[in-house]
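Side chains are part of it too, since the values below use all heavy atoms of this structure and drop only hydrogens, waters and symmetry mates. Since the model is a prediction, treat every value here as computed from it, not as a measurement.
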Amino acid sequence: QVQLVESGGGLVQAGDSLRLSCAATGRVLNIRAVAWFRQAPGKEREFVAATTWNDFGTNYAGSVKGRFTISADNAKNTVYLQMNSLKSEDTAVYYCAAGFSPSGRGNTYDYWGQGTQVTVSS
């Protein structure tokens, strides 16, 4: 089993930056990729970004490309999501997920964290 714990969420203003962290523990060798998804109230969960542990296989949703950066720290088994130029539409609960490939499809990930709230005020 793999456990994922997100942190770093909060309330910020539009245009601000925020960095989310996802710490993985347990059988980390079972996973090859970590992703971020988000879900806003009344909306379906959507893919944000994904990466392999070596950062070679990154993948971004079009809505965040150029503003968000995903990166992995192998030594700490932690994946980060640096979010810049935040917009009100980025408001959502952000979830970390782990699996075998940096796919944009949620059903390809086997492990999920509990989520962290990000609220962007305009």
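The neighbour count for R45 CZ, taken as heavy atoms of other residues, nucleotides or ligands under 6.0 Å away, is above 12.
In the hydrophobic clustering, V93 connects to F37, F47, Y95, Y109, W112, either directly or through intervening members, whenever side-chain heavy atoms lie under 4.5 Å apart.
Under the side chain to side chain contact (heavy atoms under 4.5 Å, CB included) criterion, A23 pairs with T78, not counting sequence neighbours. Residues satisfying the side-chain hydrogen bond (donor to acceptor under 3.5 Å, both in side chains) criterion with S17, sequence neighbours excluded, are N84. Under the rule for a side-chain hydrogen bond (donor to acceptor under 3.5 Å, both in side chains), R105 has no partner lying at least two apart in sequence or in another chain. Scored by the side-chain hydrogen bond (donor to acceptor under 3.5 Å, both in side chains) test, N59 finds no partners at all (sequence neighbours excluded). Residues satisfying the side-chain hydrogen bond (donor to acceptor under 3.5 Å, both in side chains) test with N74, not counting sequence neighbours, are none.
Judged as a ring pair (Phe, Tyr, Trp, His ring centres under 6.0 Å), not a single pair has a partner in residues 1-23 (not counting sequence neighbours). Listed by first then second residue, pairs satisfying ring pair (Phe, Tyr, Trp, His ring centres under 6.0 Å) with a partner in residues 66-86 number zero, not counting sequence neighbours. Each side chain to side chain donor-acceptor pair (under 3.5 Å) pair with one or both residues in residues 28-38, not counting sequence neighbours, appears once here: R38-E46, R38-D90, R38-Y94. Residue pairs that meet the disulfide bond (SG atoms under 2.5 Å apart) test with at least one member in residues 58-88, sequence neighbours left out, do not exist here.
Between A33 and P102 the shortest heavy-atom distance is CB-N, 3.5 Å. A92 and A40 make their closest contact through CB-N, 3.8 Å (heavy atoms, listed as atom of the first residue, atom of the second, distance). Scanning both residues, W53 and V28, for their nearest heavy atoms gives CZ2-CG1, 3.9 Å.
With values rounded to the nearest 0.5 angstrom, R19 atom CZ is found 11.0 Å from M83 atom CE. In this structure, OG in S122 is found 12.5 Å from CG in L86, a value given to the nearest 0.5 Å.
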Tabulate below the donor-acceptor pairs under 3.5 Å that side-chain atoms of residues 3-16 make, not counting sequence neighbours, or state none.
residue : atom : partner : partner atom : Å
Q3      : OE1  : T25     : OG1          : 3.4
E6      : OE1  : Q114    : N            : 3.1
E6      : OE1  : G115    : N            : 2.9
E6      : OE2  : C96     : N            : 2.9
E6      : OE2  : G115    : N            : 3.1
D16     : OD2  : Q13     : N            : 3.1

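When T69, V34, T51, I70 are each tested for a side chain to side chain contact (heavy atoms under 4.5 Å, CB included) with L81, only one passes: I70.
In this structure a side-chain-to-backbone donor-acceptor pair under 3.5 Å is missing from T119 to T91.
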